[in-house]
**Student:** 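One structure, pasted below without further comment.
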Amino acid sequence: MDGIKVNMDSVRGGIDGAKEIGLKNVGSHCSISEMDDYDLSKLLDKPRLNIERKRSFDERSLSELSISLTRGLEAYESAYSPGRSALDTPASSARNSFEPHPMVADAWEALRRSLVYFRGQPVGTIAAYDHASEEVLNYDQVFVRDFVPSALAFLMNGEPDIVKNFLLKTLQLQGWEKKIDRFKLGEGAMPASFKVLHDPVRKKDSVIADFGESAIGRVAPVDSGFWWIILLRAYTKSTGDLSLAETPECQKGMRLILALCLSEGFDTFPTLLCADGCSMIDRRMGIYGYPIEIQALFFMALRSALVLLKHDEEGKEFIERIVKRLHALSYHMRSYFWLDFRQLNDIYRYKTEEYSHTAVNKFNVIPDSIPEWVFDFMPMRGGYFIGNVSPARMDFRWFALGNCVAILSSLATPEQASAIMDLIEERWEELVGEMPLKICYPAIESHEWRIVTGCDPKNTRWSYHNGGSWPVLLWLLTAACIKTGRPQIARRAIDLAESRLLKDSWPEYYDGKLGRYIGKQARKYQTWSIAGYLVAKMMLEDPSHLGMISLEEDKQMKPIIRRSSSWTC
């Protein structure tokens, strides 16, 4: 089968000249950049054609953004330094001739120090490199979710090999038999983390993996498989190399992950039912049910898999299921998870105990259960996806990761994405404060804290996952800002981070209502804090990088829910 020849004009801040490259021979008939914008409703029956592309992946990425390179860089003209030497600088800085912040070099040095090697090849980065800490616990392991910002940093810096090695190593671990006590986990489950053991005597390396059997609470990571698919697309989009995703091993790995989350059961909703502690918030924090973080990642992973799966007999079966699920999931999330001033007012006026399909209050939410804080928190301009929706229960808390991923995956409509950014601007002190970004808002405390967390001493109010501030979220905020055409918000957040992170030795998280204090149990030299900063900086330097982690809205995904529509739609 003939491969696809692609003539690519490299777009690197308008500096590099045009160049022509060819993609490797693959079995697919259309490029990943084309598939991103594909009409879902036509996926099942539209013939696939050989086409010759005249634009590069980078150029395609630019056209997917809601802003142009010029607009994204106007605010930073003062940082341009045409006389800078390219020696000993990260590739992105040298390529775009930006004068990097002094802490960028320190960040790269710290990131490379965290690399983990298996048989001489880099396969990931450890969670933290804090030798001052007495307890290592599992911070010396490679976590799937933690490695994502590291992977993006290396991809943006033109170093894709470590990402490829990581994808293949975790894929190999997926094939292991996974047991907790006497119960066997699903075949598609990805590990939360793995550790490389070096035997200096035998000169042999081995790997041990944790699928949840060693985690606090013994909860399997639902998000690991989703991040793996999203990262595979990022690698493919960045390198233009379709051959990895097209391998039988990667195709099978994706199908196994999808089989787990697309299986039929007793569900009446298209969202995924999850246990507490199954994602970045990996301790008991009342997110059981249908947490926004998992639903947004689920949506993004489904859309990513849609452009990666081959249209063979096995792949086409999953593509059919994905298309149906995406339509149902987007409607459900945009209808029932979305909250703005008008929605809040409608819920406040709900009648209860309604019966039949004509019910307006479909989940029988009791208006008296609406917390007092949300009435003051909700601005007239702005909105967000709330934390959880299930029968007679709405978690009105703000969760940063879920809302940022909703923007990047286009789960949020353009109107909703703008409203989320409006909310961040309107409630800057609450959601950003002195260190970006609050993982959730507000903190739970007193009696509610005792009931919800089980008196967790690590998740006290305004600490750790209970309203703590996490620098790693800076890259997600920056990506969302660029996609919505508001790079000035990202610049403001990065300036805050640069005033503290290096001086504080790259903490894992910050405590306090404003994020002013280094977390009471925060590890220093936390790798994803370092990588998150680097990714944010590189995306601002070259917004075309956003293409590897962003998906354009599919206008055929009906119906489109308006920004301030109520549940009666």
Side-chain angles (χ1 to χ4, degrees), residues 138 141-148 166-195 207-233 245 247-282 287-291 293-306 308-310 313-322 324-326 328-329:
N138 56 357
Q141 297 187 22
V142 179
F143 280 80
V144 173
R145 75 175 68 95
D146 290 41
F147 181 68
V148 171
F166 170 84
L167 289 168
L168 291 173
K169 176 52 64 177
T170 46
L171 185 63
Q172 182 185 34
L173 297 175
Q174 183 195 40
W176 287 13
E177 184 179 76
K178 302 168 277 281
K179 273 191 176 182
I180 297 181
D181 293 331
R182 298 182 180 182
F183 184 73
K184 185 177 178 181
L185 273 68
E187 189 179 0
M190 280 286 185
S193 63
F194 65 88
K195 183 176 181 177
V207 173
I208 56 173
D210 177 16
F211 292 90
E213 69 271 24
S214 300
I216 296 171
R218 302 300 186 266
V219 179
V222 176
D223 62 338
S224 286
F226 299 153
W227 279 123
W228 189 89
I229 293 175
I230 293 166
L231 187 56
L232 178 61
R233 176 192 173 270
T247 60
E249 294 78 13
C250 282
Q251 290 290 309
K252 181 183 178 182
M254 280 189 287
R255 291 196 303 268
L256 288 175
I257 294 169
L258 294 169
L260 276 181
C261 55
L262 293 175
S263 58
E264 296 179 349
F266 291 99
D267 300 296
T268 54
F269 314 131
T271 42
L272 281 182
L273 181 62
C274 304
D276 226 335
C278 65
S279 57
M280 179 182 176
I281 298 178
D282 58 1
I287 66 165
Y288 62 89
Y290 305 91
E293 176 178 336
I294 291 298
Q295 313 314 320
L297 287 172
F298 180 33
F299 184 86
M300 190 167 191
L302 288 179
R303 291 203 63 194
S304 297
L306 199 60
L308 296 171
L309 285 170
K310 296 172 69 174
E313 186 175 346
E314 292 177 299
K316 194 167 184 179
E317 176 192 347
F318 277 95
I319 288 171
E320 291 177 2
R321 295 165 67 183
I322 289 172
K324 292 177 183 177
R325 191 61 165 264
L326 280 172
L329 184 60

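Positions are given from 1, in the same order as the sequence printed here.
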**Student:** Quick one: pull up CG in Leu309 and CD in Gln251 and give me the separation to the nearest 0.5 Å.
**Tutor:** 5.5 Å
**Student:** Apply side-chain contact (heavy atoms from CB on, under 4.5 Å) to the pair Leu302 and Leu262, showing each step before the final yes or no.
**Tutor:** CA-CA 10 Å; Leu302 288 179; Leu262 293 175; 4.2 Å; yes
**Student:** Under 6.0 Å from the six-membered ring centre of Phe143 and within 45° of its axis: does the NZ or CZ of Arg145 meet both?
**Tutor:** no
**Student:** Less than 4.5 Å apart, side chain to side chain, heavy atoms only: is that true for Ser193 and Asp210?
**Tutor:** yes
**Student:** Which atom pair, heavy atoms only, marks the closest approach of Arg325 to Pro270?
**Tutor:**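 Here Arg325 and Pro270 meet closest at NE-O, 2.7 Å.
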**Student:** Locate the shortest heavy-atom distance separating Ala192 from Ser224; write the atom from each residue and the value.
**Tutor:**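 Closest pair (atom of Ala192, atom of Ser224, distance): CA-OG, 3.8 Å.
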**Student:** Using a 3.5 Å distance criterion without hydrogens, assess whether the side chain of Glu293 forms a donor-acceptor pair with backbone atoms of Ser279.
**Tutor:**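 Looks like no, no N/O pair under 3.5 Å.
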**Student:** Report the distance from atom CD1 of Ile319 to atom CG of Leu308, rounding to the nearest 0.5 Å.
**Tutor:** 10.0 Å
**Student:** If the condition is salt bridge (charged side-chain N to carboxylate O under 4.0 Å, His left out), which residues does Arg255 pass it with, not counting sequence neighbours?
**Tutor:** Glu314
**Student:** Let's go through Ser304 and Ile230 carefully: what are the C-alpha distance in whole Å and the side-chain angles of both, what is the deciding distance for side-chain contact (heavy atoms from CB on, under 4.5 Å) to 0.1 Å, and is it a yes or a no?
**Tutor:** CA-CA 6 Å; Ser304 297; Ile230 293 166; 4.2 Å; yes
**Student:** Keeping Glu213 on the side-chain end and Ile180 on the backbone end, is there a donor-acceptor pair under 3.5 Å?
**Tutor:**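 No, Glu213 side chain to Ile180 backbone: no donor-acceptor pair under 3.5 Å.
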**Student:** Give me the atom names and distance for the closest heavy-atom approach of Tyr290 to Thr271.
**Tutor:**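 Nearest heavy atoms, Tyr290 then Thr271: CD2-OG1, 3.1 Å.
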**Student:** Taking all non-hydrogen atoms of both residues into account, name the closest pair between Val207 and Trp176 and its distance.
**Tutor:** O-CH2, 3.2 Å
**Student:** Could you tell me which residues satisfy side-chain contact (heavy atoms from CB on, under 4.5 Å) with Leu167, sequence neighbours excluded, listed by chain and number?
**Tutor:** Val163, Trp228, Leu231, Leu232, Tyr235, Leu244
**Student:** Do Arg303 and Leu326 have side chains that get closer than 4.5 Å, going by heavy atoms?
**Tutor:** yes
**Student:** Which atom pair, heavy atoms only, marks the closest approach of Ile281 to Ile287?
**Tutor:**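 For Ile281 and Ile287, the tightest heavy-atom pair comes out as O-CD1, 3.9 Å.
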**Student:** Could you list the residues that satisfy side-chain contact (heavy atoms from CB on, under 4.5 Å) with Arg218, not counting sequence neighbours?
**Tutor:**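 By the side-chain contact (heavy atoms from CB on, under 4.5 Å) rule, Arg218 matches no residue at all.
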**Student:** For a 4.5 angstrom cut-off between non-hydrogen side-chain atoms, does Asp282 reach Val219?
**Tutor:** no
**Student:** Hey, what do you get for CD1 (Ile294) to SG (Cys261), rounding to the nearest 0.5 Å?
**Tutor:** 10.5 Å
**Student:** Could you tell me whether the side chain of Val144 reaches within less than 4.5 Å of the side chain of Phe194, counting heavy atoms only?
**Tutor:**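 With C-beta onward as the side chain, the pair stays apart.
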**Student:** Could you walk me through whether Cys250 and Leu171 satisfy the side-chain contact (heavy atoms from CB on, under 4.5 Å) test, starting with their C-alpha distance in whole Å, then the side-chain angles of each, then the deciding distance to 0.1 Å, before giving a yes or no?
**Tutor:** CA-CA 7 Å; Cys250 282; Leu171 185 63; 3.9 Å; yes
**Student:** Is Glu177 close to Lys184 at the side-chain level, that is, under 4.5 Å between some pair of heavy atoms?
**Tutor:**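 Heavy-atom side-chain distance check passes, below 4.5 Å.
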**Student:** Under the side-chain contact (heavy atoms from CB on, under 4.5 Å) rule, what do Lys169 and Gln172 come out as? Steps first, then yes or no, please.
**Tutor:** CA-CA 5 Å; Lys169 176 52 64 177; Gln172 182 185 34; 2.7 Å; yes
**Student:** Rounded to the nearest 0.5 Å, what's the gap from OG on Ser263 to CG on Leu258? Could you check?
**Tutor:** 11.0 Å
**Student:** Closest heavy-atom contact between Met254 and Ile229?
**Tutor:**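 The answer is CG-CG1, 4.1 Å.
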**Student:** About how many Å separate CD of Gln295 and CZ of Phe269, when rounded to the nearest 0.5 Å?
**Tutor:** 11.0 Å
**Student:** At what distance, to the nearest 0.5 angstrom, does CE of Met190 lie from CD1 of Ile257?
**Tutor:** 4.0 Å
**Student:** Any heavy-atom pair between the side chains of Leu185 and Lys179 that's under 4.5 Å?
**Tutor:**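 When only atoms from C-beta onward are counted, Leu185 and Lys179 do not touch, as no gap falls below 4.5 Å.
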**Student:** Please say whether more than 12 non-hydrogen atoms of neighbouring residues, nucleotides or ligands are located less than 6.0 Å from CD in Glu187.
**Tutor:**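 No, not enclosed.
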